[in-house]
Amino acid sequence: MSDDGIDRRTFLKGAAAIGGTLAAANVAAQEAKGAPAAKEAPAPAAKVIARPGSDFMVDVIKSTGIEFIASNPASSFRSLHESIVNYGGNWKPEFLTCMHEESSVAMAHGYAKAAGKPMAILAHGSVGLQHAAMAVYNAWCDRVPVVMFAGNFMDAAQRRPGVEWYHCVQDPAALLRDFVKWDDQPASLQHFAESTIRAYRLATTPPMEPVLIVADGMLQEHPVEDEAKLSIPKLVPAAAPQGEANALRVAAKLLAGAENPLIIADRAVRSQDGLRRMVELAEALNAPVADLGSRMNFPTTHYLCRSEDRPALVREADAILFLEVGDPWGQLNSISDPHHEYRRLAKPDVKLVHLTLSDQMVKANYQDMQRFQPVDLAIVGDVEATLPALVEAVKREISVPRRAVLAARTEQLRAQNRAMKERTRSLAANGFDASPVSTARLSAELWNVLKAEQWCLADSRNVTWSQRLWPATEHYNFLGHSGAAGVGQIAPAAVGAALANRDKGIVTAVLQPDGDLMYAPGILWTAAHHKIPILMLMHNNRAYHQEVMHLQKMAGLHNRRMDTAKIGTAIEAPNIDYAKLAQSQGVWAEGPILNPADIGPALKRALAVVKKGEPALVDVVSQGR
Ligand SMILES: Cc1ncc(C[n+]2csc(CCOP(=O)(O)OP(=O)(O)O)c2C)c(N)n1
Ligand SMILES: [Mg+2]
């Protein structure tokens with residue numbers, strides 16, 4: 001520990017000459033929240049730095065309004081860490097202890113989708129970012145903002161010998177550069193201020209993406225030299241890019257004149273207003289909507305919601321409007337697996353319009369751009385920002401007689417919607433009382449306890465029944481999925497979402513796959529420690545089930561035995577006791593449950609815990625997917 005080490009704050013109590021008022025205000029705010037009062041001052045250190053650069057960094061971070069900073073602690077940012085908790089009063093941002101850097105970033109991923117604004121993470125520039133990488137990639141593919149800071153000592157002459165060298169890196173961001181929107185390694189405090197504000201604005205301007213700022217260790221630990229010369233630029237959010245007016249007019253004409261128009265939405269909507277505009281657009285055209293589910297794009301209660309009929313609708317369509325669809329080619333074609341046979345679903349002459357920002361965010365190495373799909377009209381624009389003008393353009397194109405023609409479709413569309421729901425309900429009824437428990441039963445039991453609440457389901461891809469069957473009308477109901485299907489994201493992202501929803505009275509739940517939780521189960525401790533009320537219902541199929549299916553498929557292809565498909569894919573012998581895993585980390589938990597009749601009562605008890613503001617887990621031994 002260096003001389004000016006960990007105790008300087010309490011020693012200086014009240015004497016922090018510069019910025020003292022802000023510090024005092026923050027401490028007062030923290031004490032008002034019930035935080036413990038400062039302990040007795042220890043003996044003074046030999047040399048004191050009253051205003052380290054990291055205090056100024058905290059001022060910069062505070063100026064963005066970021067409320068939380070998730071981190072696994074590390075010496076490359078020890079000064080910044082100390083400034084956050086003492087100078088900043090551990091309040092906006094509040095330090096969240098994570099047990100893995102992947103958890104920090106995935107938490108921030110879920111938080112951003114639920115909060116509609118980013119939070120920060122803090123990591124070692126070397127080993128920390130290496131751990132964080134997959135979660136950053138998930139956020140990148142999901143177009144979600146995360147503001148990342150990394151510690152590093154750039155000046156080799158100042159590094160402590162030994163471990164600090166292993167933990168320093170010439171260019172920390174190199175590791176992530178293929179999947180962050182921007183990064184910088186500032187050389188001065190003023191540079192840090194400007195780059196942090198720039199990074200925040202870039203991250204939150206659609207297409208939203210993660211950004212990384214390196215906080216140099218010497219800049220953090222050295223005193224601020226000339227405070228009067230430092231300034232923090234004002235953060236002004238940029239207006240999102242809107243599709244060009246003429247192009248919207250052409251699109252509107254094409255859609256209004258189509259006999260079988262279809263809207264396919266993916267990462268389209270992020271607010272209730274956006275959801276309302278989607279309904280206006282669909283109703284104006286009386287066109288069915290297939291929601292691919294990366295966001296909550298359309299109310300599932302609306303008769304035009306036809307997500308499950310998508311292949312049939314694609315086959316019939318003479319015009320398709322893609323709204324920020326990650327994989328348009330994949331909507332029009334299918335490839336059989338494992339034989340790789342290509343089949344075109346759509347008509348050869350279907351007219352295609354794509355409103356998207358995807359062309360603005362392409363890099364060469366990672367292939368999240370998907371197969372190239374030519375379209376008749378490509379419009380560069382953010383869907384949410386463009387919807388009002390698009391709705392107006394569509395309404396202008398529809399004459400009174402045309403409106404009557406479109407209205408005549410309603411009865412058939414309603415009947416098709418009812419038939420779709422009926423099919424899904426009867427599929428869900430299969431094996432409803434089975435043990436291990438069916439995924440449809442898991443979803444139904446969860447709905448039973450959530451239906452009286454304002455609710456959010458943090459992941460809606462691993463088990464799809466909820467999105468297919470639950471009546472959802474609010475933009476916060478379904479948060480979509482990880483983006484890149486990098487496993488290990490669901491649990492921490494759900495905890496991040498629950499943190500964002502905590503003060504809004506929204507109950508956050510997750511159907512939690514076992515394999516996903518076991519990547520970094522310490523997220524349970526983070527939820528308990530920080531009192532984050534997540535309702536976790538384990539989808540414990542005791543397997544990496546998707547991989548079981550892949551092995552079976554390969555065995556079928558090779559005409560070989562299938563009973564070996566469990567080797568390397570089953571998570572049994574021994575079975576993991578998830579209730580104990582959770583309890584050992586301070587989380588209320590029950591299970592393992594085998595009888596489906598026991599799920600409902602356990603979930604009721606769990607909900608009571610969650611409504612008290614704490615996490616709860618119910619472990620159910622369940623079927624594949
Ligand atoms: C980081 C990472 N490693 C491996 C995979 C391959 N993979 C895809 S699905 C899956 C199984 C996940 O198991 P679980 O979370 O329990 O979900 P289940 O398939 O059982 O529903 C794995 C390992 C991946 N997608 N990401
Ligand atoms: Mg599993």
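Counting starts at 1 for both ligands and their atoms, following the listed order.
Using a 4.0 Å heavy-atom cutoff, Met518 is absent from the residues neighbouring ligand 1.
The aromatic ring centroids of Trp182 and Tyr200 lie 6.0 Å or more from each other. The aromatic ring centroids of Phe77 and Phe149 lie 6.0 Å or more from each other. You'll find the ring centres of Trp447 and Trp455 inside the 6.0 Å limit.
The shortest N or O to N or O distance between Asp514 and ligand 1 is below 3.5 Å. Residue Gly515 has at least one N or O atom closer than 3.5 Å to an N or O atom of ligand 1. By the 3.5 Å distance cut-off applied to N or O atoms, Ala543 is counted among the residues near ligand 1. Not a single N or O atom of Gly624, backbone or side chain, sits closer than 3.5 Å to an N or O atom of ligand 1.
Note on ring orientation: taking the six-membered ring where Trp is involved, the planes of Phe68 and Tyr111 are perpendicular (angle over 60°, cut-offs 30° and 60°). Ring geometry, Tyr366 versus Phe179: the interplanar angle exceeds 60°, so the pair is classed perpendicular (tilted spans 30 to 60°).
Neither the backbone nor the side chain of Ile571 comes within 4.0 Å of ligand 1, counting heavy atoms alone. Using a 4.0 Å cut-off between heavy atoms, Val487 contacts ligand 1 through both its backbone and its side chain.
Within 6.0 Å of NZ on Lys604 lie no more than 12 heavy atoms contributed by other residues, nucleotides or ligands.
Within the 2.8 Å limit, Gln546 places no N, O or S atom next to the Mg ion (ligand 2). With 2.8 Å as the limit, Ala543 counts as an N, O or S neighbour of the Mg ion (ligand 2).
Of the protein's non-hydrogen atoms, the one nearest atom 6 (C) of ligand 1 is Glu547 OE2, 3.5 Å. Looking only at heavy atoms of the protein, atom 3 (N) of ligand 1 is closest to Tyr519 OH, 3.2 Å.
Nearest N/O/S atom of Asp514 relative to the Mg ion (ligand 2): this is OD1.
Set against the non-hydrogen atoms of Met134, the atoms of ligand 1 under 4.0 Å away are 1 (C). Near His545, with a cut-off below 4.0 Å to any heavy atom, the atoms of ligand 1 are 18 (P), 19 (O), 20 (O). Within ligand 1, counting atoms from 1 as listed, the ones closer than 4.0 Å to a heavy atom of Gln546 are 8 (C), 9 (S), 19 (O).
The two residues Met420 and Ser307 make their nearest non-hydrogen contact at SD-N, 4.2 Å.
Ion pairing between a basic and an acidic side chain is recognised when a charged N comes within 4.0 Å of a carboxylate O; Lys113 and Asp459 show no such pairing. Contact check on Arg371 versus Asp327 returns no salt bridge, with no Lys/Arg side-chain nitrogen under 4.0 Å from an Asp/Glu carboxylate oxygen.
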